[in-house]
Amino acid sequence: MRFIVSTSALLKHLQAISGALSSNTVLPILENFLFEIHDGSLRISATDLQTSMSTNLQVEARDSGKIAIPSRILIDTLKTLPEQPVTFTINNETHAIEISAGEGKYKLAGEDGDDFPKIPVIENASSISLPADVLTNAITKTLFAVSNDELRPNMTGVYCQMAGGEIIFVATDAHKLVRYTRKDVSSEAASSFIIPKKALTLLKNTLPDDDSTVSIDYNASNAFFRFGQLHLICRLIDEKYPDYEAVIPANNPNKLTLDRSQFLNCLKRVVIYSNKTTHQVRLKISGSELSISSEDPDFANEAYERLTCQYEGEDMEIGFNARFLIDMLATLDSDEVVVEMSTPNRAGLIIPTNQDEQEDILMLVMPVMLNNY
């Protein structure tokens, strides 16, 4: 088997799907790319058995076939080559690979393409379509709140819920929660599923930054994303998602309106002086003044800042993990945010003030117990 392809085009496609590779020592073939040639089209696939990515590009080839090629040595070689045609010659019997580029020849051992795990095919699927920039925004707004606790697998992904012409993305780790609603997406039927964190991270890194369409097909076990020449298929998390609506407090009479970037920068400074384990900051609201303070008695560190704000409600003191607040504020785009609270021991809500009419963002953060000092 023999084919000719551009070095830069091949490298670009390999790098786009390389995140799906696995360094699985039990199945070494997962460290390979699967190359499949048919009618002058090269399809390249990578998988870790849970998440698979594939891409297509046109090559100069007379015959068909498949071969598994070691990923690391191939990418490292292509990175050092200038833009030029490169010829791959594969011995179908021994799976030996020879790469010819300019005056150079490079030989490596491949593996039988038939031994590569089968990439799942979606059957009996429902479908929806989303603009790429909408999906990227939804992932960016929620991914940081996903749990890394493997003992709670249902929280290690983003929950997608479709019904009534809208789609809701939810992520939580029991300390913070984000609910991102998009109101302009129609689905065939009401349904819900949990997409794992790795698949969403790969999507975020490879989705185009425009409004081109992403097709999503899904059934009870897998979701299949298609955009441009790239395909991503992932196994869904087969767990029941927590009742997130139950933890969102309905009655929050205390409303604090702040300049988002000013609040964010203040927290970034004050958290430097907080306890390195709890990252606790104290918010003390009195009239139209907010004081933000932190301390770390072990090192005699203290910080205090004052911000002007708009506030409706009773004066109060409440403690938060500043890292959680920073993560939330950093993903929002609005100039101002409203922090809604009820009591110092109940969750606070962060809501951007000027939202797009097609979206609705709500972020929830649990308070931390204050030590009086």
Side-chain angles (χ1 to χ4, degrees), residues 1-121 198-199 201-203 205-206 224-235:
M1 185 170 78
R2 186 171 175 272
F3 64 91
I4 302 169
V5 64
S6 148
T7 51
S8 59
L10 180 57
L11 180 61
K12 182 182 173 186
H13 283 261
L14 292 177
Q15 288 176 325
I17 67 168
S18 62
L21 289 164
S22 167
S23 53
N24 187 321
T25 49
V26 181
L27 274 178
I29 199 166
L30 296 181
E31 296 181 20
N32 291 249
F33 289 116
L34 176 65
F35 279 48
E36 298 173 280
I37 291 183
H38 186 70
D39 291 340
S41 176
L42 170 62
R43 179 181 175 85
I44 312 168
S45 303
T47 185
D48 66 359
L49 300 181
Q50 299 295 318
T51 308
S52 308
M53 289 188 80
S54 59
T55 181
N56 292 285
L57 72 158
Q58 292 304 118
V59 296
E60 200 178 305
R62 292 204 180 112
D63 40 25
S64 300
K66 60 169 84 168
I67 182 78
I69 303 180
S71 59
R72 181 46 48 208
I73 192 169
L74 179 58
I75 286 179
D76 287 348
T77 304
L78 291 170
K79 277 181 180 175
T80 61
L81 288 171
E83 163 56 33
Q84 62 183 322
V86 58
T87 303
F88 285 74
T89 308
I90 291 119
N91 184 317
N92 295 333
E93 301 297 320
T94 63
H95 313 301
I97 302 159
E98 184 180 280
I99 303 170
S100 304
E103 299 301 313
K105 277 193 176 13
Y106 316 92
K107 294 182 179 180
L108 67 157
E111 293 190 55
D112 189 344
D114 290 327
D115 294 338
F116 198 83
K118 294 281 181 286
I119 306 296
V121 176
K198 178 175 178 177
T201 304
L202 289 173
L203 276 174
N205 293 338
T206 51
F224 185 38
F225 299 82
R226 282 176 296 172
F227 47 99
Q229 297 300 319
L230 282 173
H231 294 174
L232 181 146
I233 188 163
C234 68
R235 192 187 299 276

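How far CD1 of I69 is from CD of E111: 11.5 Å, rounded to the nearest 0.5 Å. Rounded to the nearest 0.5 Å, atoms CG (L49) and NZ (K118) are 13.0 Å apart. Rounded to the nearest 0.5 angstrom, D112 CG and N92 CG are separated by 9.5 Å. Atom CG of L78 is separated from atom CD of E83 by 11.0 Å, given to the nearest 0.5 angstrom. Distance check: I44 CD1 to S71 OG gives 12.0 Å after rounding to the nearest 0.5 Å. The line from CD of E31 to CG of L21 is 8.5 Å long, rounded to the nearest 0.5 Å.
For residues 92-102, the pairs satisfying salt bridge (charged side-chain N to carboxylate O under 4.0 Å, His left out) are E98-K107, with sequence neighbours left out.
Between I90 and F3, the shortest heavy-atom contact is CD1-CE2, 3.8 Å. In this structure, I233 and P120 approach most closely via the heavy-atom pair CD1-O, 3.3 Å. The heavy-atom pair separating I29 from P117 by the smallest distance is CG2-CD, 4.1 Å. D48 approaches Q50 most closely through the heavy-atom pair OD1-N, 2.9 Å. For the pair A109 and I97, the tightest heavy-atom approach, listed with the atom from each and the gap, is C-CD1, 4.4 Å. Listed here is the closest heavy atom pair of F116 and A46: CZ-CA, 4.4 Å.
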Test side-chain contact (heavy atoms from CB on, under 4.5 Å) on L42 and L10; report intermediate values, then the result. CA-CA 10 Å; L42 170 62; L10 180 57; 4.3 Å; yes

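Contact annotation: the side chain of F224 never approaches that of V121 to less than 4.5 Å [non-hydrogen atoms, C-beta and beyond]. L11 has its side chain out of reach of T7: every pair of non-hydrogen atoms, C-beta onward, lies at least 4.5 Å apart.
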Pairs under 3.5 angstrom only: tabulate donor-acceptor contacts from the side chains of residues 51-65 to other protein residues two or more places apart or in another chain.
{"unit_1": "S52", "atom_1": "OG", "unit_2": "T47", "atom_2": "OG1", "d": "2.8"}
{"unit_1": "S54", "atom_1": "OG", "unit_2": "R43", "atom_2": "NH2", "d": "3.1"}
{"unit_1": "T55", "atom_1": "OG1", "unit_2": "H13", "atom_2": "ND1", "d": "2.6"}
{"unit_1": "Q58", "atom_1": "NE2", "unit_2": "G40", "atom_2": "O", "d": "3.2"}

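Ring planes of F88 and F35: tilted class, angle from 30 to 60°.
Counting non-hydrogen atoms of neighbouring residues, nucleotides and ligands closer than 6.0 angstrom, the CG atom of L108 exceeds 12 such neighbours.
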